[in-house]
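Note that the coordinates shown come from a computational prediction; the quantities given were computed from them, not determined experimentally.
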Amino acid sequence: MAEQKKIAFLVAEEGIEQVELTDPWAHVEKAGGVPRLLAPKLGEVRGFHHLTPADAFPVDTTFADASADDYDGAVIPGGVANSDFLRMDKDAVELVKALVAAGKPIAAICHGPWLLVESDVVRGKMVTSFPSLQTDLRNAGADWADQEVRVCDMNGWTLVTSRNPDDLPAFNREALKVFGLSE
């Protein structure tokens with residue numbers, strides 16, 4: 001039997017747009033992958049339905065204890081607060097840099113690409129995001145467009161990006177492809 005693909009889901013302790021975590025997570029599991037929740041510290045993280053607190057989720061490992069070698073790819077869910085906290089976490093930034101250096105695919109949705117900006121890995125990449133991030137992404141050297149999903153394999157690694165929860169069907173489809181999974 002082939003080894004199952006492990007996909008890291010990178011989140012902060014709170015402010016995660018819950019559906020952008022749970023929907024891709026369910027698709028990774030359905031496709032036979034093994035999703036793992038990574039956060040700044042062990043315990044639980046809190047999902048949100050926009051600004052309303054929602055469910056809690058157990059953390060599998062911390063960013064500091066994670067290695068890019070342990071994962072076949074990563075998902076970065078959105079949520080304004082989640083993404084703002086993530087980009088300020090030096091261990092999350094270093095993990096993203098290591099994943100990119102190892103050529104691992106990353107899928108980021110909504111405000112999730114803020115972590116990619118902070119990690120300085122979007123230069124030359126074709127991306128989309130929640131519209132409020134377009135200036136940040138362009139200033140970081142990315143080619144931003146308002147599209148449902150963008151897949152870019154430039155610079156030795158593949159990036160999947162989408163704008164918001166409405167784009168989850170396309171986001172999940174393309175993320176599974178780049179992770180080498182299929183439902």
Heavy-atom donor-acceptor pair, [X] side chain to [Y] backbone, under 3.5 Å:
| X | Y | value |
| --- | --- | --- |
| Gln134 | Pro131 | yes |
| Asn172 | Leu168 | yes |
| Asn82 | Glu17 | no |
| Lys104 | Ala68 | yes |
| Thr158 | Asp153 | no |

Note, [X] side chain near [Y] side chain (heavy atom, < 4.5 Å):
| X | Y | result |
| --- | --- | --- |
| Thr61 | Arg36 | no |
| Phe57 | Arg46 | no |
| Leu137 | Ser129 | yes |
| Phe171 | Pro24 | yes |
| Glu20 | Cys110 | yes |
| Phe48 | Ile16 | no |
| Trp157 | Val121 | yes |
| Gln147 | Ser162 | no |

We want to know whether [X] and [Y] form a side-chain donor-acceptor pair, criterion being a heavy-atom distance below 3.5 angstrom.
| X | Y | answer |
| --- | --- | --- |
| Asp55 | Gln18 | yes |
| Thr62 | Asp65 | yes |
| Asp136 | Trp114 | yes |

Straight-line distance of [X] [atom1] to [Y] [atom2], nearest 0.5 Å:
| X | Y | atom1 | atom2 | result |
| --- | --- | --- | --- | --- |
| Leu37 | Trp25 | CG | CH2 | 5.0 Å |
| Thr161 | Glu148 | OG1 | CD | 11.5 Å |
| Leu99 | Asp70 | CG | CG | 10.0 Å |
| His27 | Arg173 | NE2 | CZ | 10.5 Å |
| Asp167 | Phe130 | CG | CZ | 11.0 Å |

Kindly give the heavy-atom pair with the smallest separation between [X] and [Y], and that separation in Å.
| X | Y | answer |
| --- | --- | --- |
| Gly15 | Ala81 | CA-CB, 4.0 Å |
| Glu118 | Val93 | CG-CG2, 3.8 Å |
| Asp166 | Pro169 | O-CD, 3.6 Å |
| Cys152 | Gly124 | SG-O, 4.5 Å |
| Leu116 | Ala108 | CD1-CB, 4.0 Å |
| His111 | Gly79 | CB-O, 3.9 Å |

Check your understanding: Charged N to carboxylate O under 4.0 angstrom, Lys41 versus Glu13?
Key -> yes
Check your understanding: Are Lys125 and Asp143 within salt-bridge range, i.e. N to O under 4.0 Å?
Key -> no
Hphob cluster co-occupancy, [X] + [Y], side-chain heavy atoms under 4.5 angstrom:
| X | Y | result |
| --- | --- | --- |
| Leu159 | Val117 | yes |
| Val75 | Leu38 | no |
| Val11 | Phe63 | no |
| Val151 | Val127 | no |
| Phe85 | Ile109 | no |

Practice item. Would you sort out whether Val149 and Thr128 count as a side-chain contact (heavy atoms from CB on, under 4.5 Å), showing the intermediate values? Key: CA-CA 7 Å; Val149 65; Thr128 192; 5.9 Å; no
Check your understanding: Among Leu86, Ile106, Leu95, which one satisfies side-chain contact (heavy atoms from CB on, under 4.5 Å) with Leu115?
Key -> Leu86
Review point. Ile7 pairs by side-chain contact (heavy atoms from CB on, under 4.5 Å) with which of Val34, Val28, Leu176?
Key: Val28
Check your understanding: Cation-pi between Lys6 and Tyr71: NZ/CZ under 6.0 Å from ring centre and within 45° of the ring axis?
Key -> yes
Practice item. May I have the step-by-step check of salt bridge (charged side-chain N to carboxylate O under 4.0 Å, His left out) for Arg163 and Asp146, ending in yes or no? Key: CA-CA 8 Å; Arg163 303 169 298 192; Asp146 184 11; 3.0 Å; yes
Check your understanding: Quick check: are there more than 12 heavy atoms from other residues, nucleotides or ligands sitting under 6.0 Å from NE2 of His50?
Key -> no
